[in-house]
2 protein chains.
Amino acid sequence: MKGNANIIRPYYSEKCPVIKALEILGGKWRLAIIWELSHYKSLRYNELKRHIDGITNIMLTRSLQVLEQHHLINRTDYGQIPPHVEYSITADCQALLPALEIINEWGKTRIEVHRAQS
Amino acid sequence: MKGNANIIRPYYSEKCPVIKALEILGGKWRLAIIWELSHYKSLRYNELKRHIDGITNIMLTRSLQVLEQHHLINRTDYGQIPPHVEYSITADCQALLPALEIINEWGKTRIEVHRAQS
DNA sequence: CAGTATCCTCTAAGATACTG
DNA sequence: CAGTATCTTAGAGGATACTG
């Protein structure tokens, strides 16, 4: 597990909750994973990978591990061969969804801005 | 202006608004700056710096520039000597505040978790 | 199917010093 | 007061190949 630690080092994060949250959520793919998972009861590893265009195995794995460590997602291994693993968001994570809705809507307008400029 | 570009490269961002938003907001200090500014009508450069513990000149300057480019903050230069510059958030940016409220509340619980563990 | 193991690159972040 | 100019570096992100 390398290049896998949190993006932002502590200290100010212990005072500012917004910074603290970014420390946990700020990876390139983390919010996208949460957002994607939030639309399903659960998703398998490769399903999730197919949903998130451009993500690689390592990045998906690393991101999932970080999110799991922070109790934002549940990992359920059905202990079968071939493997069957399902991911879902936790109740803790649900609290963030209203924020993600807003960010998603806001992001849409940014894509329009971007298109209009190019 | 180096090391100042957006954190996340395009492509998937053009499809996923959440990724797009992160591309603009995902810097280490950007949300903190917006969050801080949102509590005031406007703040001067050094006031802002004093509010955000740990931020350096370059990081504040760079972050403010990026945010201004994306029309998230207004920069008002009063053209005086000594300089007098005020920063405030734009109407565009206001739309994000409800999300920041949620993230802030969520972040508080994470700080508690962090404390309980150490 | 669901991941690891290696290796590498790039750049965001920062330290330090200086300025109109 | 409100920044800029330079230089450096840690580590996030990724390419590629492999595995139980």
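Since the structure is predicted, the reported quantities are computational estimates derived from the model, not experimental observations. Below, read A as the first sequence line, B as the second, and so on, with proteins coming before strands; counting in each chain starts at 1.
- Taken to the nearest 0.5 Å, the OG1 atom of A:Thr90 stands 12.0 Å off from the NE2 atom of A:His70.
- Remark on DNA chain C: of its neighbouring residues A:Ile58 and B:Pro82, the 5'-side contact belongs to A:Ile58, judged by nearest-heavy-atom nucleotide.
- Each of A:Thr56 and A:Pro83 was matched to the nucleotide of DNA chain D holding its nearest heavy atom; the match closer to the 5' end belongs to A:Thr56.
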Show me the donor-acceptor pairs within less than 3.5 Å that the side chains of residues 74-85 of chain B make with the rest of the protein, sequence neighbours left out.
unit_1	atom_1	unit_2	atom_2	d
B:Arg75	NE	B:Tyr87	OH	3.3
B:Asp77	OD1	B:Gly79	N	2.7
B:His84	NE2	B:Glu86	OE2	2.9

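- You won't find any donor-acceptor pair under 3.5 Å spanning the side chain of A:Arg62 and the base of C:dG3, going by distance alone.
- Looking at A:Arg44, its side chain has no donor and acceptor atom pair within 3.5 Å of the base of C:dA2.
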Exercise. What dot-bracket string describes DNA chain C from 5' to 3', counting Watson-Crick and G-U wobble pairs whose defining distances are under 3.5 Å, with [ ] for crossing pairs and | for pairs to another strand?
Worked result: ||||||||||||||||||||
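- Both B:Leu48 and B:Leu72 are part of a single hydrophobic cluster, where members link through side-chain heavy atoms under 4.5 Å apart.
- Partners of A:Trp106 according to the ring-ring contact (aromatic ring centres under 6.0 Å, His included) rule, which considers only residues two or more places apart in sequence or in another chain, do not exist here.
- With rounding to the nearest 0.5 angstrom, the CD1 atom of A:Ile73 is 12.5 Å from the OG atom of A:Ser38.
- Here B:Tyr87 lies in heavy-atom contact (under 4.0 Å) with sugar-phosphate atoms only.
- Look at CH2 on A:Trp29: it is 16 Å from P on D:dA12, rounded to the nearest Å.
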